[in-house]
Amino acid sequence: MSSVFSQSAAVISMNIRSLPRRLWMSLAMVLASAVVVAILLAFLAMAKGFESTMQSAGANDVAFIIRGGSAAELNSVLGRDQVNLLENAPGIAKDEQGPIVSAELYVIVDGKKRSSGTKANLPLRGLDLRGVNMRKNFALEQGRMFTPGTNEVIVGAGVLRQFSGFDLGSEIRSGRNSWKVVGVFSTGGNVFESEIWADAKVVQNLYNRGSSYQSMRAQLEPNADIQAIKDYVKNDPRLNQDVQTEADYFSEQGKSLSYIAIFGRIISTIMALGALAGALNTMYTSVSDRAKEIATLRAIGFSHMSAFIGTLAEAMVLAALGGLFGVIAAYLFFDGMNASTLGGSFTQVVFSFNLTTELITQGAILALIIGFFSGVFPAWRAAKTPVIVAFQSSH
Amino acid sequence: MNDFYLIVKNLTRKKMRLVLTSFAIFIAFLIFGSVMALNNALNSGVEMSADNRLVVTNKINFTQPLPIAYVSKVKSVEGVKDVTYANWFGGYYQEPANQVITMAVDPDSYFDVYSELILEPGVKERWQKHRTGILVGERMAQAKNWKVGDRIPVSSNIFSQKSGGHTWEFDIDGIFKGQDKQTDTNYMVFHHKYFMETQAWGGDYVGWMIFTTTDSALNEQVAKVVDERFANSAAETETKTEKAFNKAFIEQIGNIGLIIFAVVFMAFFIILVVVGNTMVLAIRERTGEIAVLKTLGFSSKRIFNMVLAESCLLSFLGGVLGMLAATIIVKGASAELASFLPNLILGQSVWLQGLAYMLLFGLITGIIPAVSALRLNIITAFNRI
């Protein structure tokens, strides 16, 4: 048995040292494998970045309430009277100011993208300080909090990064209204950083919303069951809201870009087939190039197995090398890349591509699969070629 | 024995290599065809827009409403032919996930402004008199299997009825078709007045206005007059050509689209580089044979052409099959995706581009070995073997 190992090791090192002889073919295989891996990772990192931006925004102990059937915050409407009724639902935590709830509304305003100079939808959220405090990762990076009752806003760090004209101290014009940026906030990289925040009452006033809101957040008591609020809504004919945890709402919203991951997987699978065809060409060429060598080794007593393993190892090494280059390229070009797109609420979501180790593992596995399949058939041929035929065919 | 016979023999001498190489080319063009079709479908709104049609929206953002009184003010602007208006309804059918594009429009003017939409004679007049009637686009009617005379419940994810509930019932009065295949008909329209009278908040506003100019040369000037008319009012406007409006909308999707297409095109070219490399090497192996052909009296020119023809043949073999497969896939997918990508068609222009790339690819991969074959000195060639 040990002789199989030592024989295989000898053949592997021989094959690898003879690679320069087949330089162009081998490079082609490395390149093909690299491209497939890089493309898979680009798509997956994009979908992952978007998904984690959304999902990290939601808390499990906050109930998120919007009008029944409205699907997204943007569409929903809640009247002041409904908000009052909902405040009294069971299971909502209280402090000295009463139930810990935040009724919020949402106006779409225009922002100008730094990258293209084109206009895009940005959410201007009206909320009060209690609502701000319900965001657990909230931190002011620059400036100060808006003063309730004034036309002051604070802008998310993502907005500042991707859109121009939102720097601290600047004035934002929106129709006839103007807003003053007094602070920049972060919320740990999640979707709230793609928003502009102002006092709810001022937003209602300036955009003719009367006393209506669009969504309501309610802090749940520890161990409270959200079902109690759902039942409360169901049993009151004046209410018709959808109640879910904030985490569930955002995880649903995060799926709106999951088609990118599916698309990426389809494209890279199809491309992997193409790359496989190229790699098989390389490996068959390698086997016929070394036919005489293989025959000689077999003639002096090397086993079928060592010829098989030698060829397979060559393919795996080339594909793995390609995979490595693919991962490096994806990491250099895509990881942390800033992008923004339309999210489920019809407004821009700023996010960064996120190349996690889990995704890198997926890329590496893909490279090894290409390597295995492009090696195994030519290796079979190398192992099975009768010694005498090999000598004949190579002149 | 003619040249073509020789070319085919050369091509098929190593069956395995022929299959693998043409398969890789097949894959490259399969991706090219499908992705180009997808890209065109995303941009089709821009290409299908009429030259003389303009969209007026609230300057704050196009989701903000405009007073209905603006309609007649726009109508009086010189150079404006027809004006109509619409409001987004946020419609869905039975389940919130099952969205159906529904708009409340002005029945008297909508089909004047969208003249590429065709109705059977008499249908429009019947609908105009029928308050709860709705006209459904052909593509939506097919997808949902709706027929004229059906009564359909349409819910809104934004608006509520005055009487409570979010569901309106409509009678399908007719089905409108597009003038050509690419016209978007995946939506339905009903009376704006009926909408305003039945929805909970009422009000005298419209979502946006659309108007046509008497001559597309006047577009810019008319847009400026319209926006100036409403400057410093409670609702300032922004007027853009339909094309610019649709383009801005696509751009909201942002650099994501750009990144996807850049990445896929890079992939397309790199596959071709990889395969091209194999093809060049395959022909180089045959130096000895080319020397024999030359010795037999084949002219250099003739051999040059044969080598080029061989690589082009291989390129077209894989490429045309790939484009055919892409056409079939796109056809299949377009039925599935009709609701959100209405114009997914792999058309003539994509085919022409594909064929041009195949020719280019065949020529590039053939030219290096062809030139070396052309220059090949018989004696050195024989010495090398």
Side-chain angles (χ1 to χ4, degrees), chain A residues 24-25 27-29 31-32 34-36 38-39 42-43 46 67-72 74-77 107-110 113 115-116 118-122 174-177 207 240 257 260 263-264 267-268 270-271 273-278 280-282 284-285 334 337 339-342 346 348, chain B residues 14 16-17 19-28 30-31 34-35 58-64 90 92 96-97 99 155-160 164-166 200-201 232-236 247-248 251-257 259-260 263-264 266-267 270-271 273-275 277-278 280-282:
Chain A
W24 287 107
M25 285 302 268
L27 277 184
M29 179 166 166
L31 188 62
V35 168
V36 173
I39 289 200
F43 280 98
M46 184 189 279
R67 197 208 81 170
S70 58
L74 170 73
N75 302 324
S76 168
V77 181
V107 179
I108 298 183
V109 297
D110 280 339
K113 284 200 177 189
S115 57
S116 54
T118 52
K119 280 186 178 180
N121 291 356
L122 283 178
S174 161
R176 287 206 301 169
N177 311 320
Y207 294 91
N240 64 347
L257 228 62
I260 295 269
F263 183 70
I267 286 270
S268 51
I270 295 172
M271 282 195 50
L273 289 176
L276 196 59
L280 275 169
N281 252 339
T282 305
Y284 277 122
T285 311
F334 297 115
M337 183 170 183
S340 60
T341 190
L342 270 189
F346 213 54
Q348 296 288 315
Chain B
K14 282 189 175 171
M16 178 69 92
R17 178 182 282 170
V19 169
L20 291 174
T21 311
S22 43
F23 183 73
I25 300 172
F26 166 85
I27 292 286
L30 172 68
I31 291 177
S34 332
V35 170
N58 190 309
K59 200 177 175 185
I60 296 173
N61 182 266
F62 60 79
T63 54
Q64 295 287 319
Y92 65 88
Q99 295 205 17
S155 307
S156 168
N157 59 25
I158 307 173
F159 302 97
S160 305
H166 329 301
W201 310 304
N232 297 315
S233 72
E236 297 189 323
K247 196 152 177 263
E251 273 165 4
Q252 294 249 5
I253 298 173
N255 43 8
I256 282 207
I259 293 168
I260 293 174
V263 164
V264 170
M266 209 175 69
I270 290 179
I271 290 195
V273 167
V274 168
V275 182
N277 176 43
T278 318
V280 171
L281 291 180

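Residue numbers begin at 1 in each chain, while the letters A, B, ... track the order of the sequences.
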Legend entry - Residue among Leu31(A), Ile39(A), Val107(A), Ile108(A) with most heavy-atom pairs under 4.5 Å to chain B: Ile108(A)

Legend entry - For Ser174(A), side-chain hydrogen bond (donor to acceptor under 3.5 Å, both in side chains) partners two or more places apart: Tyr207(A)

Inset, instruction - Identify which of Gly90(B), Gly164(B), Ser34(B), Ser233(B) forms the greatest number of heavy-atom pairs closer than 4.5 Å to chain A. - result: Ser233(B)

Inset, instruction - Test side-chain contact (heavy atoms from CB on, under 4.5 Å) on Ile271(B) and Val35(A) and set out the steps. - result: CA-CA 8 Å; Ile271(B) 290 195; Val35(A) 168; 5.8 Å; no

Legend entry - Region of Phe159(B) in contact with chain A, defined by heavy-atom distances below 4.5 Å: backbone

Legend entry - Best-contacting candidate, Pro96(B), Ala200(B), Ala248(B), against chain A by heavy atom pairs under 4.5 angstrom: Pro96(B)

Inset, instruction - State whether the side chain of Asn75(A) and the backbone N or O of Ser70(A) hold a donor-acceptor pair below 3.5 Å, judged by distance alone. - result: yes

Inset, instruction - Look up atom OG1 in Thr341(A) and atom CE in Met46(A), then write down how far apart they are to the nearest 0.5 Å. - result: 8.5 Å

Inset, instruction - Identify which of Arg17(B), Met266(B), Lys14(B) forms the greatest number of heavy-atom pairs closer than 4.5 Å to chain A. - result: Arg17(B)

Inset, instruction - Select one option (side chain, backbone, both, neither) describing which atoms of Asn232(B) are under 4.5 Å from chain A's heavy atoms. - result: backbone

Legend entry - For chain B, the option from Leu273(A), Thr282(A), Asn121(A), Ile267(A) that forms the most heavy-atom pairs under 4.5 Å: Asn121(A)

Legend entry - For Lys59(B), salt bridge (Lys or Arg N to Asp or Glu O under 4.0 Å) partners two or more places apart: Glu236(B)

Inset, instruction - Measure the spacing between NZ of Lys119(A) and CG of Asn61(B) and express it to the nearest 0.5 Å. - result: 8.5 Å

Legend entry - Contact class of Val19(B) relative to chain A, heavy atoms under 4.5 angstrom: neither

Legend entry - Which portion of Leu30(B) sits near chain A, non-hydrogen atoms under 4.5 angstrom: side chain

Inset, instruction - Give, as side chain, backbone, both or neither, the part of Ala97(B) having an atom under 4.5 angstrom from any heavy atom of chain A. - result: neither

Inset, instruction - Side chain from CB out, backbone as N, CA, C, O: work out which of these in Val109(A) comes under 4.5 Å of a heavy atom of chain B, or both, or neither. - result: both

Legend entry - Ser116(A) side chain near Glu251(B) side chain, heavy-atom distance below 4.5 Å: no

Inset, instruction - Please look at Ser22(B) and chain A and tell me whether the side chain, the backbone, both or neither of the residue comes under 4.5 angstrom of a heavy atom of that chain. - result: neither

Inset, instruction - Check the pair Thr118(A), Lys247(B) against side-chain contact (heavy atoms from CB on, under 4.5 Å), reporting the backbone distance first and the verdict last. - result: CA-CA 10 Å; Thr118(A) 52; Lys247(B) 196 152 177 263; over 6 Å; no

Legend entry - Arg67(A) side chain to Ile158(B) backbone, donor-acceptor under 3.5 Å: yes

Inset, instruction - Go through the atoms of Thr63(B) and report whether side chain, backbone, both or neither lie under 4.5 Å from a heavy atom of chain A. - result: side chain

Legend entry - Contacting region of Ser160(B) [heavy-atom separation from chain A under 4.5 Å]: both

Inset, instruction - Give the member of Leu276(A), Leu27(A), Ile270(A) that has the highest number of heavy-atom pairs under 4.5 Å with chain B. - result: Ile270(A)

Inset, instruction - Check whether any side-chain heavy atom of Val264(B) sits under 4.5 Å from a side-chain heavy atom of Phe43(A), and report yes or no. - result: yes

